[in-house]
Colleague: 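Structure provided below as structure tokens; questions to follow.
What's counted below: heavy atoms across the whole structure, side chains too, no hydrogens, waters or symmetry copies. Quantities reported herein were computed from a predicted structural model and do not represent experimental measurements. Numbers restart at 1 for each chain; the letters A, B, ... are given by sequence-line order, proteins then strands.
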Number of protein chains: 2
Amino acid sequence: MAEPSGEQLLFLTDEQLRQGIEAMFFAYRGFTADPDRILEDMSYGRAHHRAVHFINCAPGTTVNNLLNILGVTKQSLNRVLRRLIADGLVESRVGRTDKRERHLYLTEEGKALEAKLSDAQRARMRSAYRKAGPEAVAGFRQVLEAMMDADMRRNYLALREPRP
Amino acid sequence: MAEPSGEQLLFLTDEQLRQGIEAMFFAYRGFTADPDRILEDMSYGRAHHRAVHFINCAPGTTVNNLLNILGVTKQSLNRVLRRLIADGLVESRVGRTDKRERHLYLTEEGKALEAKLSDAQRARMRSAYRKAGPEAVAGFRQVLEAMMDADMRRNYLALREPRP
DNA sequence: ACATTACGTCAGCCTTGTTGACATTCCAAG
DNA sequence: CTTGGAATGTCAACAAGGCTGACGTAATGT
């Protein structure tokens with residue numbers, strides 16, 4: 001057809017894009033709301049949640065690796081890790097081959113907190129997925145992946161590969 | 001079909017939900033990355049972006065209304081607004097009917113910044129939308145809307161209604 | 001007349017991000 | 001063996017941007 005613009009590309013108008021931006025903003029608030037409430041009770045913050053989450057799904061990860069995933073400075077992460085270790089939620093083991101590295105693991109207590117946070121967050125996710133349906137979910141994931149920075153997409157994809 | 005479980009509900013497994021959670025995390029980072037870079041140069045933060053964004057798409061909004069949308073305390077918002085007004089990006093006009101209210105407007109300079117931030121954010125959004133396609137975008141929006149808190153969804157929907 | 005609402009502001013606290021500087025420990029290359 | 005560099009930890013200091021609490025002022029509604 002001679003008219004590729006118009007209704008075909010309605011989803012690319014500035015107004016549509018603005019709505020998408022606002023949807024992201026409000027949805028992210030919902031996305032973090034439930035874990036935030038749980039964390040508040042134990043005077044932890046989102047940073048602790050993130051650390052616990054990624055240690056859980058990549059047990060034995062090094063501090064440096066976590067740094068790359070989280071995208072913060074080592075000083076920032078260290079402050080959070082120090083507290084999690086002191087509180088007995090995370091264990092830091094010196095590397096076997098390279099003793100400079102510290103490998104991070106959740107303790108039983110750490111796993112319990114992770115599960116609690118994860119359950120709350122998954123519950124909302126599950127509810128949203130169910131309301132929207134499988135096709136919508138596929139689209140959701142596609143758009144999110146396309147929205148990531150390239151290096152973060154690499155981290156994201158690496159998380160679903162089998163570990164050595 | 002007699003089997004609603006199984007492959008039909010693959011998108012609701014814990015693993016699928018976890019991937020969705022991580023996709024949200026990484027995508028939100030990408031989502032804010034471009035505006036963040038611009039803001040950094042002028043020593044503004046995300047809070048300023050949010051204020052400018054919502055004043056732009058609801059010109060004349062009151063402080064209270066903005067408070068509800070942003071979900072922060074008035075002290076927090078006030079700190080940001082004070083600077084934006086001092087810098088000449090936002091104008092605060094006393095209400096006509098109710099003189100207690102302050103109505104907020106972007107100045108020309110404020111509109112310029114908003115456009116700059118918005119352009120950067122829309123560019124990424126447009127690119128993601130284009131890569132994913134219209135059907136994916138529809139699903140993306142559906143899931144995001146389902147993920148919001150009910151009261152935030154009200155705010156979200158109110159933003160696309162015509163104003164008096 | 002009085003309570004309430006909308007807003008601004010001051011003071012102080014917390015989390016979580018930042019930079020810079022410096023020590024330690026270890027691996028690897030010269 | 002020595003030395004450079006990488007990985008980590010730690011200390012200090014700072015800023016943004018959340019929060020609470022308290023107080024003041026002006027306008028509004030009852």
Colleague: Decide, yes or no, whether a salt bridge links A:R154 with A:D151 under the criterion of side-chain N to carboxylate O below 4.0 Å.
Modeller: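 Salt bridge: no.
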Colleague: For a 4.5 angstrom cut-off between non-hydrogen side-chain atoms, does A:V63 reach A:K74?
Modeller: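 Side-chain contact under 4.5 Å: no.
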Colleague: Return the 5'-most residue of the pair A:R50, A:K74 with respect to DNA chain C, ranking by each residue's nearest nucleotide.
Modeller: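 On the 5' side of the pair lies A:R50.
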Colleague: Which part of the nucleic acid, if any, lies within contact of B:S43, taking any heavy atom under 4.0 Å across all strands shown: a base, the sugar-phosphate backbone alone, or nothing?
Modeller: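 No contact at all - B:S43 keeps every heavy atom at 4.0 Å or more from the nucleic acid.
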Colleague: Please tell me if the side chains of B:F140 and A:M24 come closer than 4.5 Å, counting only heavy atoms from C-beta onward.
Modeller: yes
Colleague: Walk along DNA chain D from 5' to 3' and tell me the first and last nucleotide with an atom closer than 4.0 Å to a non-hydrogen atom of chain B.
Modeller: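 So the outermost contacting nucleotides come out as D:dG17 to D:dT28.
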Colleague: For DNA chain C, what residues of residues 76-94 of chain A have any heavy atom nearer than 4.0 Å?
Modeller: A:S76, A:R79
Colleague: Measure the spacing between CG of B:L9 and CZ of A:R126 and express it to the nearest 0.5 Å.
Modeller: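 Nearest 0.5 Å value for the CG-CZ distance: 11.0 Å.
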Colleague: Does A:D14 come within less than 4.0 Å of B:R122, counting only side-chain N to carboxylate O?
Modeller: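 Salt bridge between A:D14 and B:R122, a charged N being under 4.0 Å from a carboxylate O: yes.
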Colleague: If I take atom CG from residue A:L77 and atom CZ from residue A:R82, how far apart are they, to the nearest 0.5 angstrom?
Modeller: 10.5 Å
Colleague: Provide the start and end nucleotides, 5' to 3', of the part of DNA chain C that has atoms under 4.0 Å from heavy atoms of chain B.
Modeller: C:dT5 to C:dC10
Colleague: Output every pair passing side-chain hydrogen bond (donor to acceptor under 3.5 Å, both in side chains) with a member in residues 101-112 of chain B, not counting sequence neighbours, ordered by first then second residue.
Modeller: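 Passing the test, one end in residues 101-112 of chain B: no pairs.
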Colleague: Please list residues of residues 99-106 of chain B whose heavy atoms come under 4.0 Å from any atom in DNA chain C, ordered by number; otherwise none.
Modeller: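 Here the set is B:R100, B:E101, B:R102.
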Colleague: Mind telling me whether A:F54 and B:F26 have parallel, tilted or perpendicular rings, with 30° and 60° as the class edges?
Modeller: tilted
Colleague: Relative to each other, are the rings of A:H53 and A:H49 parallel, tilted or perpendicular (30° and 60° limits)?
Modeller: perpendicular
Colleague: Considering residues at least two apart in sequence or located in another chain, which fulfil the side-chain hydrogen bond (donor to acceptor under 3.5 Å, both in side chains) criterion with A:D98?
Modeller: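 A:D98 satisfies side-chain hydrogen bond (donor to acceptor under 3.5 Å, both in side chains) with A:R100 once adjacent residues are dropped.
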Colleague: Any salt bridge between A:D149 and B:R124, counting N to O under 4.0 Å?
Modeller: yes
Colleague: Can you spot which of A:N56, A:I55, A:L89, A:D119 makes a side chain to side chain contact (heavy atoms under 4.5 Å, CB included) with A:E114?
Modeller: A:N56
Colleague: Enter the distance from A:L39:CG to A:R37:CZ here, rounded to the nearest 0.5 Å.
Modeller: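 A:L39 atom CG to A:R37 atom CZ measures 11.0 Å (nearest 0.5 Å).
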